[in-house]
Amino acid sequence: MSHVAVLIDTLHISGIDLSMADDSLAVTTHPSPEIDLLQRIRQGETERFADLIRRYQPHVVRIVGRRVPADDVEEIVHDVFVRAYFGLAQFSGAVSFDRWLAGIAVRTCYDFWRARKRTELPASALTDDHHRWIERMLSAQSDDQFHDQTQKGEAAEVLKWALRHLSPENRAVLTLVHLDGYSVREAAELLGWSLVNVKVRAHRARQALRRILSHILPGSR
Amino acid sequence: MAHHDDDIRKLERILTESYRSHSDRSNEVVDVTQSVMRDVRRSDRERAWWTPFLVLDQLVWRTATITAAVVVMMTMLLTVDLFRPQSGETQSLIAEELESVPFGD
């Protein structure tokens, strides 16, 4: 197991600089007061669950806020806590409560995109403003110019546009591995999928994203 | 082609950095405590109401399973029993026939 994990981590998808890993899923160490709290909730003190929500709500909002449209964040966060409540019996303590909750949040967001994929109309096309931004970005010469372009709203919109063209599976893996910067092993744990599945998905998702981006480059239209 | 790949890599890099630098909703005030607790309480109430029926349901199924098992066993026993007298009768008839012919006569 450890050899496979090390090998996969070593083969970690190359190309994108992953040094700035997102910390939204990072484990914040509490002095484990939740063990006692969880036990009380399991024994029937339902009202104590409100304390857990208040404590972990910012953590869940950070994760969900990056994965679903702004208008849906509240609903998804609500679903995450309801799922957590009914899944408390399955929490063994093998991982920290933060990480366990992060897994539920990631999977709830994945379910959100699966449901939306079935009902939603195809994503709208990019505007001329977006295409002009891409041209400016590609012609940026210095690092400062390049950095300025990342701060533009167009960057976030183009990314959202591109992600909407991915399947929910590819989107979930690409977000975790390539954008958040998590290892394949960590992504597999959070999604509850096998290592091999996530590794293959990560590769395919990256290829799919590159294909999508290649269509919006100047000269491709 | 190489130029095209460079452009894609550049675009990927800028989108990744943009993703990491935008924490749009991180500081957004979202409070779901009330709504979650309302759902949790309602669900607990429903669960409490349904529990006796669930126990009854389980009891009915278990009783039905045990009854079915007993019926199968009884049927098997009866089937075996049904064939036994016939073979027993044949054996006793042969025995009687052999006994009626003494050796040496």
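Small disclaimer: the values here were computed from a predicted structure and weren't measured. In what follows, chains are A, B, ... by sequence order, proteins preceding strands, each numbered from 1.
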- For each of A:Glu75, A:Arg54, A:His78, tally heavy-atom pairs with chain B at distances under 4.5 Å, and name the one with the top tally. A:His78
- Query: Is it the side chain or the backbone of A:Glu47 that comes within 4.5 Å of chain B heavy atoms, both, or neither?
  - Reply: both
- Where does A:Tyr85 contact chain B at under 4.5 Å (heavy atoms): side chain, backbone, both or neither? side chain
- Test item: A:Glu135 side-chain N/O and A:Arg132 main-chain N/O as donor-acceptor pair under 3.5 Å: no
- Task: Answer yes or no for A:Arg66 and B:Tyr19: cation-pi contact, defined as NZ/CZ to six-membered ring centre under 6.0 Å and angle to ring axis within 45°.
- Result: yes
- Message: Going by side-chain contact (heavy atoms from CB on, under 4.5 Å), A:Asp79 matches just one of A:Ile104, A:Thr108, A:Asp72. Which one?
- Response: A:Thr108
- Between CG of A:Leu52 and CG of A:Leu88, what distance do you get to the nearest 0.5 Å? 7.0 Å
